[in-house]
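One structure below.
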Amino acid sequence: MSDATSPVENEYDVFGIQDKWLPVWDDLRPFASGNPTDKRPKKYVLDMFPYPSGDLHMGHAEAYALGDVVARYWVQKGFNVLHPIGWDAFGLPAENAAIKRNLDPRGWTYENIEQQRSSMRRYACSFDWDRVIRTCDPIYYRWNQWLFLEFYNKGLAYRKNSMVNWCPSCQTVLANEQVVGGLCERCDSAVTKKALTQWFFKVTEYADRLLDDLDTLEGNWPAKVLTMQRNWIGRSYGAEVQFEVEGRSEPVTVYTTRPDTLFGATFMVVAPDSELATELVAGAEAGIQAEFANYLDIVKASNDIERLSTEREKTGIFLGRYAVNPVNGERLPVWTADYVLSDYGTGAIMAVPAHDQRDLDFARTMNLPVRVVLETEAGDPAVTGEAATGEGVLVNSGPLNGLHKADAIAKITEILNQDGKGKAAKNFRLRDWLISRQRYWGTPIPIIHCDKCGEVPVAQDQLPVELPSAEGLDLQPKGTSPLGAASDWVNVACPNCGGAALRDTDTMDTFVDSSWYFLRYLSPTSTEFAFDPQAAKDWAPVDQYVGGVTHAILHLLYARFFTKVLKDLGHVDFNEPFTRLLNQGMVLMNGSAMSKSRGNLVRLSDQLDEHGVDAIRLTMAFAGPPEDDIDWADVSPAGSAKFLARAWRVANDVTSAKDVDFASGNKDVRKAVHLFLREFSANIENFKFNVGVAKIMELVNVLRKAIDSGCGPADVAVREGAQELAKALSLFAPYTAEDMWSKLGFGPGVALAEFAKADESLLVENSIVAIVQVDGKLRDKFEVAIEISADDLQALALASEAVQKAIGEKTIANVIVRQPKLVSIATK
RNA sequence: GCCGAAGUGGCGAAAUGGCAGACGCGGAGCACUCAAAAUGCUUUGCCGAGAGGCGUGUGGGUUCGACUCCCACCUUCGGCACCA
């Protein structure tokens, strides 16, 4: 044992304190939240759970550093904070890695989880380790299956055949949300379309609520995320209009947002891959049928990348059929073209080339007529090639003539309604969520297919439907689920009739797992509930969610959808899962995302070995606003380490005894400490972590100066400051803070030490520096009493030599006095 | 193309409409040292010897006063992208 004067005890030893405190915390368990007698108010702080693909990286380090600031802050504000962690453990990367290395995805996944868990412990994350969940555990995914059946029984899970997104490389279908710019989110292959029977969740039934409830999150979620969600849901208002088609008994319904332009329709277009197109062309002459078949082949083969290429020529063919405009009886040729989508609206449109750019482009390509029905300031669309989409007055439109756009929409909708030819309607860009996947490493869908009985849900008491062992299964992607080959597993007796039946062999999209995991943390081991309803009442919804903006649409939309369904099913009593959301930025290196192929990868473990955990965490928080990206090339972990040593020395230099009354301490130092307390809280609560750290640095500078050249290390105000410093630093640098706390004479657990309240009586100012501006420019400043009168302040300002000089020959036009802070003089 | 956000020193950044550049990185200088490292202190927007002037993407506007509010433009980034 070294004594108190040995150099080792008086030096800041970054790695020594890590080794010293880690085992102490393991025993102390400061962040356990499960004590039922805990009377502190509750707060639920949640970090997005990681995918276990290897060890933690710099991005995790930023996310968990910032999430920890929030979680630790509320603990030290006296709250019982629930801050859990788990693993989003199912999914393609594990499966692909398993195939590549010829391993079971299980082993790979659990090894990575252990690796990450150990790194999180070292990183001093303030997680409650009693509540860990892993979505690939049967005890977890059993409840995915339960939820699926809840949805199924409500009619919210259904199976249908449709054209779906297909990734030819992953050999699986993808949800709309997983197609990014026409590419597979996971592997960047060009996504194509394929007709398949797949499971969907009926998100569209909740489209209105998902959109409207975003208003309740205003101010608490980043505006950017709210906008992205609104755009994604994409609600539009318009009308459905019925067109008779010659030779067809049923009219064809089209959707339009511009029913006011109905008199300007000059043709109709149906989506080539729609049933309607196939049906209509069947009644056409043979030549057209052949042409159509050819066109449809071309359309099906094209992927989204080709479709997205800009300035693409419009293509399409005439179907040889005619529709009738319901308002004027005109015959409109019916075309098919791939610019009309089969899965939006009704898959058929009325084309008004004068007032819709796409219709105009098509009309000009195919030499179809263009008729203006809305007079605007723009030129003739047929000549300029620019559709007139602005405001104007209706012409050539019978009863609508002379009306403005909005009035015309109302009027025509009314007319159509009366005549039974149409009605007001709305549409969404949002599509139903395709949740089945043709891969192994996911939650089996708890449905049994029986030739006699059809889809039969697995009984509740038969859950979970456990994923069979991967042993002996060929996981190579081949377009159908590998589970189909597990014959012992697939072949079952129908629960209904007892006859031979087959299990559904698809697995669920892993976004199902993450859509409700925040509830599972509340009772992570329950075999009775997905989540304990009482615990949900106590803790949910999440007060503060922290995670990357990459999940701005998919995960957050799905989790919001689940929450609304669970509310309707009576399982929760709130509408929105995440009350407040913080999106942290990314960690870059030299301006771009880190990657092995770019050669700019910075390894977290290397950084931790070089600078220590605390310096890395502090650097993450201090680099800038949390929403902004951090370029690791621009920041200085060495500078952070230097600062931590400086802070540590302050605590080490304190010589006064603990448990003293601070009232006798140096007034100036005390004032600085209490001003710090006030500002620091505000900064943290407003996510200005970088400014909060700057305030800590200022406090250290004040204390350093007080010790070296002020009141000295024995003054109790220095102790007061050092104690609050250790507490505040604990949010960013838990090891250093714990060691400082120990130097100050306390037992382990600075993370549980509550902040002192700012003593406002110490912050009362009796003088202030007043400033004087002449024509908006600062010309003088001087100290004045806080209660100075406006007249006195003005007199002082005008008497100032510098002010006189600035005014010079000019005459004073106006003097504004804001006592005691400011005098503003305007001249002319 | 449409929607949105952002432009402040050499760099990361701060600033309820009221002292622009807090805090830090980097730089310069000094002290301690035989020396170096570490540490501490001073200094550091630009131009100018100085007085002083100029400065928050550009141009206007509102205001006694604008990084902050309004309009237009430029640039960068993000989202959506044939959604009728």
Side-chain angles (χ1 to χ4, degrees), chain A residues 11-12 180-182 222-232 234-236 238 254-259 261 269 271 304 307-308 310-312 314 337-341 343-352 355-359 361-362 427-431 549 552-553 618-619 622-625 627-640 642-643 645-646 649 679 682-683 688 690-701 704-705 708-709 769-781 805 812-818 821-828:
Chain A
E11 271 170 30
Y12 175 66
V180 179
K224 180 183 169 180
V225 175
L226 295 175
T227 305
M228 282 167 73
Q229 294 240 336
R230 288 189 178 112
N231 292 342
W232 188 262
R235 181 167 57 199
S236 76
V254 305
Y255 172 75
T256 176
T257 55
R258 293 296 304 279
T261 62
V269 189
D304 282 5
R307 296 192 57 204
L308 288 171
T310 48
E311 304 297 317
R312 183 162 164 268
K314 288 275 185 291
D338 66 354
Y339 81 92
V340 173
L341 309 175
D343 60 348
Y344 183 78
T346 62
I349 63 155
M350 65 177 209
V352 186
H355 305 292
D356 182 281
Q357 191 60 50
R358 297 151 301 182
D359 295 345
D361 293 343
F362 190 75
N427 253 303
F428 296 93
R429 197 185 158 283
L430 182 72
R431 310 293 150 89
V549 75
I553 296 176
L618 186 73
T619 302
F622 185 56
E627 308 80 20
D628 290 2
D629 291 344
I630 298 172
D631 194 326
W632 202 248
D634 290 337
V635 296
S636 173
S640 299
K642 197 172 115 178
F643 162 73
R646 185 171 154 88
R649 282 193 297 273
E679 292 182 331
N683 286 327
K688 293 169 147 188
N690 55 330
V691 185
V693 173
K695 296 297 170 196
I696 295 179
M697 290 172 167
E698 285 178 359
L699 179 60
V700 168
N701 290 341
R704 182 76 262 152
K705 200 160 268 176
D708 290 347
S709 54
V769 173
I771 61 169
V772 187
Q773 297 174 341
V774 178
D775 292 329
K777 286 199 168 74
L778 176 74
R779 292 301 178 185
D780 200 8
K781 48 183 165 182
K805 193 177 162 197
I812 295 173
N814 192 11
V815 180
I816 306 279
V817 182
R818 296 269 181 276
K821 253 172 42 184
L822 170 109
V823 179
S824 181
I825 300 164
T827 66
K828 53 181 163 191

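Letters A, B, ... mirror the listed sequences (proteins, then strands); counts begin at 1. Every value quoted in this text rests on a predicted model; they were computed, and no experiment measured them.
- Using a 4.5 Å cut-off on side-chain heavy atoms (C-beta onward), A:N690 and A:P625 make contact.
- In this model, the phosphate group of B:G24 is not approached by any side-chain N or O of A:R646 to a distance below 4.0 Å at OP1 or OP2.
- If you measure from atom CG of A:D361 to atom C1' of B:A84, you get 13 Å, rounded to the nearest angstrom.
- One atom, CZ of A:R429, and another, P of B:G79, lie 13 Å apart when rounded to the nearest Å.
- When atom types are taken as modelled, the side chain of A:D356 and the backbone of A:A351 share no donor-acceptor pair closer than 3.5 angstrom.
- Here the C1' atom of nucleotide B:A81 and the CE atom of A:M228 are 14 Å apart, to the nearest Å.
- B:C82 and B:C77 have their C1' atoms separated by 25 Å, given to the nearest Å.
- Ring orientation note: the planes of A:Y255 and A:Y344 are nearly perpendicular, at an angle over 60° on the 30°/60° scale.
- Heavy atoms of A:R235 sit nowhere under 4.0 angstrom from any nucleic acid atom.
- Side chains of A:N427 and A:S236: a donor-acceptor N/O pair is absent below 3.5 angstrom, by distance only.
- Positionally, the nearest nucleotide of RNA chain B for A:N231 lies more toward the 5' end than for the other of A:D359 and A:N231.
- Looking at heavy-atom distances under 4.0 Å, A:A826 makes contact with sugar-phosphate atoms alone, never a base.
- One can find a donor-acceptor pair under 3.5 Å joining the base of B:C82 and the side-chain atoms of A:K314.
- To the nearest angstrom, P of B:G53 lies 7 Å from NZ of A:K777.
- No donor-acceptor contact under 3.5 angstrom links the side chains of A:N231 and A:R429, judged on distance only.
- In terms of polar N and O atoms assigned as donor or acceptor, the side chain of A:Q773 comes within less than 3.5 Å of the base of B:G18 in a complementary pairing.
- The shortest distance between the side-chain N/O atoms of A:K688 and the OP1/OP2 oxygens of B:A15 is below 4.0 Å.
- A sub-4.0 Å separation between OP1 or OP2 of B:A84 and a side-chain N or O of A:Y339 is absent.
- Counting to the nearest Å, the P atom of B:G17 and the CD1 atom of A:I771 are 15 Å from each other.
- In this structure, the CZ atom of A:F643 is 11 Å from the P atom of B:G40, given to the nearest Å.
- Rounded to the nearest Å, the gap between the P atom of B:A20 and that of B:C67 is 9 Å.
- The phosphate of B:A14 (OP1 or OP2) has no side-chain N or O of A:N683 nearer than 4.0 angstrom.
- Between B:G45 and B:C41, the distance separating the two C1' atoms is 23 Å to the nearest Å.
- Between A:D343 and A:R431, at least one side-chain nitrogen of the basic residue sits less than 4.0 Å from a carboxylate oxygen of the acidic one, meeting the salt-bridge criterion.
- B:G24 takes the anti form, because its glycosidic angle lies more than 90° either side of 0.
- Between A:A623 and A:K224, the one whose closest nucleotide on RNA chain B sits nearer the 5' end is A:A623.
- As judged by a 4.0 angstrom heavy-atom cut-off over every strand, A:F428 is placed among residues making no nucleic acid contact.
- A:D359 contributes a side-chain N or O that, together with a main-chain N or O of A:V352, makes up a donor-acceptor pair within less than 3.5 Å.
- As rounded to the nearest Å, B:G21 and B:C46 have P atoms that lie 14 Å from one another.
- The phosphate of B:G52 has OP1 or OP2 within less than 4.0 Å of a side-chain N or O from A:K805.
- Note: CG (A:D634) to C1' (B:G24) measures 13 Å, nearest angstrom.
- Base pairing of B:A31: its partner is B:U39, meeting the Watson-Crick or G-U wobble criterion (both donor-acceptor distances under 3.5 Å).
- At B:A14, one or more side-chain N or O atoms of A:N690 fall inside 4.0 Å of OP1 or OP2 (strictly under the cut-off).
- Comparing the C1' positions of B:U68 and B:A15 gives an interatomic distance of 9 Å, to the nearest angstrom.
- For the pair A:S236 and B:A84, the criterion of a side-chain N or O lying under 4.0 Å from OP1 or OP2 is met.
- B:U33 and B:G40 have their C1' atoms separated by 14 Å, given to the nearest Å.
- Atom CD1 of A:I696 and atom P of B:A14 are 16 Å apart (whole Å).
- Residue side chain A:S636 does not reach the base of B:C25 through any donor-acceptor N/O pair under 3.5 Å, judged by distance alone.
- With C1' as the reference atom, B:C70 and B:C80 are 28 Å apart, rounded to whole Å.
- Within the 4.0 Å cut-off from OP1 or OP2 of B:G40, at least one side-chain nitrogen or oxygen of A:R649 is found.
- Look at the P atom in both B:A49 and B:G1: the space between them is 49 Å, to the nearest Å.
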